[in-house]
Amino acid sequence: MSAQLEQIEQTLQSQPDQHLEFLAKKDIIARILELREEKNVLILGHNYMEPLVYQLSGEKERGDSLALSRYAAQSDKPIILFDGVMFMAETAKILSPDKKVLIADATAGCSLAEPFKAKDVLEYRRRFPHAPVVTYVNSYADIKAESDYCCTSANGLDVVLHASKTFNSNQVIFFPDSLMGANLQHDVEKQGIDLIYPGKYDENFGRCEVHEQFKVEHLRDIRLQYDIPKHSEEAAILVHWECRPEVIAEADYYGSTSQMAKYIADHPHLKRVFLATECEMAANLASEYPHVEFVRSCNLFCQHMRKITLEKILYSLEHEVYEVNVDEEIAERARKAIDRMLEIW
Ligand code: CIZ
Ligand code: SF4
């Protein structure tokens with residue numbers, strides 16, 4: 001058994017269900033790791049991947065979309081296999097145009113990225129001509145190409161504040177997540193910023209189909225059922241930016257996936273945690289923090305993320321499909337928006 005295969009088994013041993021699955025899929029994991037060495041491939045894994053897929057990536061190869069794009073750009077490996085959804089793989093390709101970027105299922109989309117087109121951004125620009133455009137990373141390259149800045153859930157607040165200051169504008173356009181837009185608006189109100197996001201002045205809504213399902217009653221039930229009082233040192237509810245404003249208000253902390261993971265690392269007294277985000281995130285953190293009980297009263301999975309399976313990864317590596325390509329002119333303009341984000345954060 002290779003050293004990494006052993007390491008994966010060891011990591012998953014604290015989670016009996018994950019360990020059993022490992023035993024059932026050991027051969028396929030071993031073959032993927034062999035191909036990775038033979039072809040010199042960087043395998044990147046998003047926090048929302050199922051545990052066995054997530055474990056294919058080492059410590060500096062997994063995380064949120066921002067970290068993964070950085071790892072992609074820094075790597076000298078000629079091939080990148082991106083275990084995540086299409087907009088993430090596209091961002092990695094934009095930052096690493098000379099590398100071959102593969103995704104195991106090219107139909108892995110996102111309910112936030114899908115409905116919006118570049119013409120929608122242009123329409124907002126026409127209506128609010130002095131406002132800079134900040135576009136959430138959950139969007140395709142043509143939308144990023146029409147934007148001044150890209151942002152992720154880890155840095156959205158900083159980027160909006162920076163854009164307002166740099167453009168000397170109290171109006172900032174934020175695309176395409178209307179719930180995250182409302183949450184950011186709440187946080188930037190004190191600075192007198194009017195954040196313009198889909199749904200605020202029109203009927204055009206963009207929402208994450210997973211995060212919008214968390215309801216405040218659900219969180220209150222979890223608090224009672226699992227003994228997670230507010231302001232406790234030992235237990236906490238952590239919520240993602242893409243959730244509804246009333247869900248954010250009920251949380252002990254809200255942030256991106258990387259910020260939630262950091263919160264747990266920074267609070268060693270925590271014994272019980274509920275994460276209001278895609279459920280695989282808790283499954284992945286559970287093997288990293290075996291002393292923490294992750295409340296698994298959660299069955300909200302992202303149907304797009306779930307398309308990335310071990311079997312499809314093996315096929316993709318064997319045949320070097322499916323390659324992610326971005327039109328060069330669009331990529332160049334989208335890169336400017338991403339670079340502006342990377343410069344300030
Ligand atoms: O930026 C990402 O990776 C996404 C989509 C979510 C998060 O909070 O990490
Ligand atoms: Fe998109 Fe939501 Fe799935 Fe993330 S979890 S890829 S935002 S649909």
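The first residue in the sequence is number 1, and the count goes up from there. Counting starts at 1 for both ligands and their atoms, following the listed order.
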Any atoms of ligand 2 less than 4.0 Å from a non-hydrogen atom of Cys110? List them with their elements. 1 (Fe), 6 (S), 7 (S)
For ligand 1, list every N/O pair with the protein closer than 3.5 Å, one pair per line with the distance.
{"unit_1": "ligand 1", "atom_1": "1 (O)", "unit_2": "Ser65", "atom_2": "OG", "d": "2.7"}
{"unit_1": "ligand 1", "atom_1": "3 (O)", "unit_2": "His46", "atom_2": "NE2", "d": "2.6"}
{"unit_1": "ligand 1", "atom_1": "3 (O)", "unit_2": "Ser65", "atom_2": "N", "d": "2.7"}
{"unit_1": "ligand 1", "atom_1": "3 (O)", "unit_2": "Ser65", "atom_2": "OG", "d": "3.3"}
{"unit_1": "ligand 1", "atom_1": "8 (O)", "unit_2": "Ser153", "atom_2": "OG", "d": "2.6"}
{"unit_1": "ligand 1", "atom_1": "8 (O)", "unit_2": "His240", "atom_2": "NE2", "d": "2.5"}
{"unit_1": "ligand 1", "atom_1": "8 (O)", "unit_2": "Thr257", "atom_2": "N", "d": "2.9"}
{"unit_1": "ligand 1", "atom_1": "9 (O)", "unit_2": "Thr257", "atom_2": "OG1", "d": "2.5"}

Walk me through it: do Phe214 and His240 pass the test ring pair (Phe, Tyr, Trp, His ring centres under 6.0 Å)? CA-CA 10 Å; Phe214 290 100; His240 196 275; 9.8 Å; no
Ignoring hydrogens and angles, state whether a donor on the side chain of His19 or Glu9 is under 3.5 Å from an acceptor on the partner side chain. yes
Tyr253 and Tyr263 aromatic centres sub-6.0 Å: yes
Aromatic rings Tyr124 and Phe128: how do their planes relate, parallel, tilted or perpendicular, breaks at 30° and 60°? tilted
Ligand 2 versus Glu242, non-hydrogen atoms closer than 4.0 Å: side chain, backbone, both, neither? side chain
Of all the non-hydrogen atoms in the protein, which one sits nearest to atom 2 (Fe) of ligand 2, and at what distance? Cys208 SG, 2.3 Å
Any side-chain donor paired with an acceptor under 3.5 Å for Glu242 and Tyr136? yes
Give the single entry among Asn138, Asp177, Asn47, Val137 that approaches atom 7 (S) of ligand 2 most closely by any heavy atom. Asn138
How about Cys302: does one of its N, O or S atoms come closer than 2.8 Å to atom 3 (Fe) of ligand 2? yes
Check whether the side chains of Trp241 and Asn183 place a donor and an acceptor atom closer than 3.5 Å, and report yes or no. no
When Glu146 is tested against each of Arg126, Lys117, Lys119, Arg333 for salt bridge (Lys or Arg N to Asp or Glu O under 4.0 Å), which residue passes? Arg333
Quick one about Tyr254 and Asp187 (side-chain donor to acceptor, distance below 3.5 Å, no hydrogens or angles considered), yes or no? yes
